[in-house]
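FYI, side chains are in, hydrogens and waters are out, and symmetry mates aren't considered; it's all heavy atoms of this structure.
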Amino acid sequence: METPAVHLVLLAKFAGVLLFVAGSGASLLARTREERRRATHRIASTGLFIAWSGGFALASLSGIPLTELWIVLGLGLSLSAHVVTVSAVERGASRGHVVAFAALLLGILGAMIFRPVFGA
């Protein structure tokens with residue numbers, strides 16, 4: 001049953017995802033090291049924290065175990081996407097960083113849409 005609390009958590013998670021993607025994109029497109037650092041550490045990292053916190057809260061409110069394959073995939077792929085972004089901070093964003101981030105983002109979306117489970 002969806003309650004107002006669930007809707008607030010959904011809104012917070014959506015805002016976190018937007019911050020994560022926007023901050024990562026800004027980091028990959030930024031020209032200077034300082035701009036990349038600011039976008040990654042202030043915007044993308046904060047967005048990832050909010051998105052993960054919202055996801056944990058939604059799983060708890062919905063009674064979904066955190067060991068579901070689609071949740072584990074989402075966590076692992078989003079962490080990998082953030083590592084790609086952090087890697088681009090010091091080295092400068094290359095085409096490889098952008099392609100890797102886009103591929104990981106598609107993997108995250110695929111896991112969330114198709115929701116594979118263990119043993120299915």
Check your understanding: Is a donor on one side and an acceptor on the other found under 3.5 Å between the side chain of S27 and the backbone of G23?
Key ->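 No: the side chain of S27 does not pair with the backbone of G23.
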Practice item. Answer yes or no: is there a donor N or O on one side and an acceptor on the other, between the side chain of H97 and the main chain of S94, under 3.5 Å? Key: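 Yes; judged by distance alone, with no hydrogens or angles, the pair exists.
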Straight-line distance of [X] [atom1] to [Y] [atom2], nearest 0.5 Å:
X   : Y    : atom1 : atom2 : answer
L58 : S53  : CG    : OG    : 11.0 Å
R38 : T32  : CZ    : OG1   : 7.0 Å
T85 : F101 : OG1   : CZ    : 5.0 Å

Are [X] and [Y] joined in one hydrophobic group, where the rule is that I, L, V, M, F, W and Y side chains link up if heavy atoms are under 4.5 Å apart?
X    : Y   : value
V98  : V89 : no
L19  : L10 : no
L75  : L79 : yes
I108 : L66 : yes
V9   : L18 : no

**Study point:** Close side-chain approach of L73 and P116, heavy atoms under 4.5 Å
**Key:**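 They are in contact (side-chain heavy atoms under 4.5 Å apart), so the answer is yes.
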Review point. Per the side chain to side chain contact (heavy atoms under 4.5 Å, CB included) rule, which among I43, L48, I50 passes with T46?
Key: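 Output: one option passes, namely I50.
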**Study point:** S45 vs F49, side chain to side chain contact (heavy atoms under 4.5 Å, CB included): CA-CA, chis, key distance, verdict
**Key:** CA-CA 6 Å; S45 296; F49 175 76; over 6 Å; no
Check your understanding: When you look at R37 and E90, which way does the salt bridge (charged side-chain N to carboxylate O under 4.0 Å, His left out) test go after all the steps?
Key -> CA-CA 8 Å; R37 182 176 287 153; E90 296 301 322; 2.9 Å; yes
Show the nearest heavy-atom pair for residues [X] and [Y], with the distance to one decimal.
X    : Y   : value
I71  : P65 : CD1-O, 3.5 Å
A111 : W70 : O-CB, 3.3 Å
R36  : A30 : CG-CB, 3.6 Å

Exercise for review: Tell me, with the steps shown, if F56 and L61 meet side chain to side chain contact (heavy atoms under 4.5 Å, CB included).
Suggested key: CA-CA 9 Å; F56 289 140; L61 290 169; over 6 Å; no
Exercise for review: Assess whether side chain to side chain contact (heavy atoms under 4.5 Å, CB included) is satisfied between F20 and H82, documenting all intermediate values.
Suggested key: CA-CA 9 Å; F20 174 62; H82 193 55; 3.7 Å; yes
